[in-house]
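Accompanying notes for the structure given below.
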Amino acid sequence: MFDRKRYNFYSFKIHSDFYSVLEDKLILAGLCESKRLVNFFMEKKLSRGKMKRSVGRLLIKFKRPICAVMMLIFLIFWIRDGRNQGSPHGILNQSAKESSVRFPRSLLDSYMGHEHNGKDRWTWTPSWIRSLYKGSQDPEIVIILAANEGGGVLKWKNEQEWAIERISIDNKKAYAKRHGYGLTIKDLTVAKRYSHEFREGWQKLDILRQTMREFSTAKWFWWLDMDTLIMEPQKSLEEHIFNGLYNITDRTLENFNPLNIELDIPYVNYEEELNLLITQDCGGFNLGSFFIKNTEWSKLLLDLWWEPAHYEHNHMIWEHKEQDALEALYSSEGWIRSRVGFLPLRTINSFPEGACSEYGGDKRFFYDDTEDDFVVNMAGCNFGRDCWSEMQRFSLILEQKSKKWYNKIFF
Amino acid sequence: MALRPKSKLKSGSKKKWSISPRVNNIFTKEFGLTVGKSVKPLGILAGITIFLYLCSSIFSYRNASRKQYLPEHGYYMNEMPAKSSLIFPPIEHMPVLRELGIGGLYNTRTDLEGNKGYVLKPEDKPLTDEEKKKTTDQVLLVKKSFLDHGKWVYKKETPSPEIVIVTLIDFELSELETVFNVVQNRVDYAQKQKYAVYIRWIQEFVPMLQRQNLRTDYEYAKPLIMRAAMHAFPKAKYLFFLDHESLIMNLDISLQQNLLDPKTLEIALLKNTPVVAESNIRTYNHFQVKNTKMIIPQSPQGFLDMSAFVVSNDLYGKAFLEFLMDKLYTTYDWESFSAGVGHLLQWHPHILGKTALVHQKLLAAPVNPNPPSEEEGNNSDKELDPYYYTEGDLVVSLKGCRLKGTCTQDLRTFYEKVRIH
């Protein structure tokens with residue numbers, strides 16, 4: 001019925017390809033084969049029971065090839081997963097070997113080329129499975145990445161800044177693609193439009209509002225500054241945050257209150273759902289990485305956040321503008337407090353040692369690769385620290401982490 | 001890291017699962033147990049793995065027990081459940097309260113900079129009935145009743161009144177008779193329309209006010225009492241603030257008919273009108289009446305009349321009121337409270353989109369300072385005065401009577417017209 005020789009040839013082919021990168025064609029061929037088989041039986045017009053029996057017999061006969069094909073499919077998925085880490089492959093190895101990085105720009109060009117090729121070759125990623133059961137293409141979670149923060153007009157970006165931007169963007173791109181999230185990169189250069197008013201630095205709110213309109217079906221938005229890296233790209237946000245949201249968040253400041261904000265104010269209803277997830281660093285609220293839900297509450301908050309009367313009074317005290325404004329609103333208004341949750345800094349916003357340096361050794365703040373912190377935020381690295389070297393360091397860690405044992409065998 | 005291969009495994013094992021039962025079936029039927037034994041464990045193993053995987057995902061949600069937090073409370077931590085939906089203070093205490101004065105009702109505290117201020121004790125416990133019986137000191141009873149009044153909350157599940165009428169009364173400036181008339185007027189209307197009443201002494205809010213001075217901060221107590229009323233009637237849908245210089249003149253028309261019905265509101269709505277006089281910001285032309293959360297009357301001169309306004313008891317109402325009572329906002333040197341509200345509406349489009357500005361006559365019809373003479377009066381009877389109070393309007397507002405010193409008298413005149421004998 002089915003000739004054995006052919007099967008042997010088939011398995012041989014599998015073997016020969018096993019050590020090279022497997023092509024999708026092979027699987028397709030396998031599928032075609034089985035289709036032909038079915039047709040063959042249909043033609044013979046076997047009765048149902050007979051057919052069942054013969055299918056069963058076939059399955060027994062070819063249980064080994066079937067097992068092998070399964071193994072192969074599994075392996076292909078696994079290996080592709082490993083490849084799609086979004087780690088800056090290659091360049092950083094090179095740049096690490098060279099003592100001084102003189103041409104990161106050109107190096108990055110080659111990286112971009114690689115990424116481009118990668119796109120065509122690796123389209124069949126696990127997000128394919130995701131899209132199957134989610135049905136729609138509209139992402140539920142959208143990552144907002146802020147580019148050109150506070151710059152653009154007053155000075156030229158240097159090579160290293162370009163490099164940081166590329167690495168950071170690719171890191172998020174790969175992450176969003178892998179888990180089926182949306183990614184939007186928002187340019188903050190327009191900031192300077194406000195440079196002679198008091199609105200400078202506030203366009204974060206405008207961007208959030210605009211993005212909410214743009215992705216009106218999304219549930220959550222994740223704001224990320226440019227100087228961040230997702231260190232555990234295999235963790236999905238659902239798995240890391242949203243499935244256990246109410247367990248990992250703190251709704252009061254009881255446990256950690258660097259600003260000494262009053263703990264209890266009137267009219268706070270902690271039974272309301274969480275709409276804003278932020279972290280606190282050593283100096284108070286940190287908005288380098290935070291989540292905001294697409295709700296009426298959020299829209300209202302974004303509308304009321306900027307208030308000229310508040311700002312006129314406080315612009316000398318409010319050093320971090322929108323951060324301070326949120327702190328002030330949080331300390332006095334119950335409707336805001338009702339829906340704000342605090343994540344531990346290290347869940348979505350770990351710091352390198354340079355930030356909050358006066359708290360060196362404090363486990364609450366700093367990135368620890370042995371504990372698999374999710375995101376590192378090189379907050380304030382452009383104030384007297386070296387952004388590029390920090391970015392290099394964490395990219396290397398990321399790459400080492402994404403290496404798997406079988407990478408050594410196959411690649 | 002750890003979970004990734006697991007989920008991959010699942011995709012593989014799932015396929016095994018779909019095959020193995022079929023295979024097993026045939027095995028047991030056709031080939032007996034000898035062949036079955038070799039494959040069965042594999043199928044069972046795959047089954048168990050999938051079962052465990054599914055279980056783990058179910059249980060991870062169930063285990064999520066939420067942390068315990070304090071329940072919502074107002075300025076006082078200890079609250080008393082009210083039996084009646086008509087919450088108003090004992091007016092007969094007025095003479096004693098006046099004697100005591102604000103200084104006698106609150107403790108004062110001096111801060112580091114030497115500023116004296118009245119303090120409110122959030123942990124203050126209400127006087128129990130037994131204690132009330134034991135106490136013979138009338139002054140203490142009055143004082144405690146004053147301090148406990150803010151602790152009443154009406155939390156009955158059903159059937160809760162839909163609308164709460166909120167009024168501030170003053171034991172220092174007003175006459176006993178005026179206060180009595182005002183309270184009775186609200187209660188009459190509430191009973192007729194099955195609404196609730198939430199009336200408090202304005203002096204209860206002195207410790208919460210920025211300057212703790214009722215003469216300058218009088219109006220800033222309005223958002224405070226409104227927010228307290230929201231907390232006291234969590235099931236109510238709308239809250240209607242009415243100044244103590246206003247009287248409800250038409251007890252027969254309900255707010256639902258007169259105001260909240262989208263069709264009525266559509267007519268009364270001011271579209272494409274400057275939010276405040278000479279403002280560049282205009283109310284929306286495409287205002288969605290059904291989304292209305294706040295209703296504020298605007299005078300023909302273009303000023304927001306905050307002597308009567310409606311706020312819905314939801315997210316928007318809370319945000320609107322809490323923003324207005326925030327110290328960040330009240331410390332700004334506003335010309336008046338209504339100028340502050342005007343600013344809020346002009347700068348925050350999301351709030352403006354939910355706020356209906358309506359003709360003043362609808363909610364707070366002012367009295368014509370130059371009433372038409374008898375002959376002209378006959379004419380104006382046929383043509384309704386578009387601005388000033390005419391018979392049949394819901395509310396008459398006696399704004400400005402304090403300057404003239406005619407409040408008691410005017411209120412008496414109008415009250416006589418609606419008095420239920």
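Within every chain, numbering begins at 1; the chains are lettered A, B, ... in the order of the sequence lines, protein sequences first and strands thereafter. All values derive from a computational prediction rather than experimental measurement.
- Taking a 6.0 Å sphere around CG of B/Asp333, one finds it holds 12 or fewer heavy atoms contributed by other residues, nucleotides or ligands.
- The minimum heavy-atom distance linking B/His350 with A/Leu300 is given by the pair CD2-CD1, 3.8 Å.
- A 6.0 Å sphere centred on CG of B/Asn280 holds no more than 12 heavy atoms belonging to other residues, nucleotides or ligands.
- Heavy atoms of B/Ile351 lying under 4.5 Å from chain A belong to its backbone as well as its side chain.
- With a 4.5 Å cut-off on non-hydrogen atoms, B/Pro122 does not touch chain A at all.
- Of the listed residues B/Tyr76, B/Phe323, B/Tyr332, the one with more heavy-atom pairs under 4.5 angstrom with chain A than any other is B/Phe323.
- Dense packing is recorded around NZ of A/Lys299, with more than 12 heavy atoms of other residues, nucleotides or ligands lying under 6.0 Å away.
- When heavy atoms are compared at a cutoff of 4.5 Å, B/Tyr316 approaches chain A by way of both its backbone and its side chain.
- Residue contact with chain B, scored on non-hydrogen atoms closer than 4.5 Å, is absent for A/Ser338.
- Ranked by heavy-atom pairs shorter than 4.5 Å toward chain A, the options B/His231, B/Lys354, B/Met325 are led by B/His231.
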Apply side chain to side chain contact (heavy atoms under 4.5 Å, CB included) to B/Tyr69 and A/Asp250, showing your working. CA-CA 10 Å; B/Tyr69 295 103; A/Asp250 219 337; 3.8 Å; yes

May I have the step-by-step check of side chain to side chain contact (heavy atoms under 4.5 Å, CB included) for A/Glu307 and B/His348, ending in yes or no? CA-CA 8 Å; A/Glu307 165 54 57; B/His348 303 285; 2.5 Å; yes

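- Within the 4.5 angstrom heavy-atom criterion, only side-chain atoms of A/Asn314, from C-beta onward, approach chain B.
- The contact between A/Ile265 and chain B is made entirely by backbone atoms, counting heavy-atom distances below 4.5 Å.
- Heavy-atom minimum distance, A/Gly334 versus B/Glu322: N-OE1, 2.7 Å.
- Screening A/Val268, A/Asp264, A/Asn269 against B/Leu70 for a side-chain contact (heavy atoms from CB on, under 4.5 Å) leaves a single residue, A/Asp264.
- Other residues, nucleotides and ligands place no more than 12 heavy atoms under 6.0 Å from the CZ atom of B/Arg109.
- Enclosure of atom CD in B/Glu335 is not indicated, since only 12 or fewer non-hydrogen atoms of other residues, nucleotides or ligands lie within 6.0 angstrom.
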In sequence, state the C-alpha distance, the side-chain angles, and the governing distance for A/Tyr267 and B/Arg227, and then conclude on side chain to side chain contact (heavy atoms under 4.5 Å, CB included). CA-CA 8 Å; A/Tyr267 310 127; B/Arg227 188 62 189 83; 3.3 Å; yes

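- In this structure, the separation between CG on B/Leu315 and CD on A/Glu296 is 7.5 Å, given to the nearest 0.5 Å.
- Atom CD of residue A/Glu272 and atom NZ of residue B/Lys318 lie 5.5 Å apart, to the nearest 0.5 angstrom.
- Once rounded to the nearest 0.5 Å, the distance linking CG of A/Leu304 with CG of B/Asp326 reads 10.5 Å.
- Within a 6.0 Å radius of NZ in B/Lys155, other residues, nucleotides and ligands contribute more than 12 heavy atoms.
- By the 30° and 60° cut-offs, the orientation of the rings of B/Tyr329 relative to A/His310 is perpendicular.
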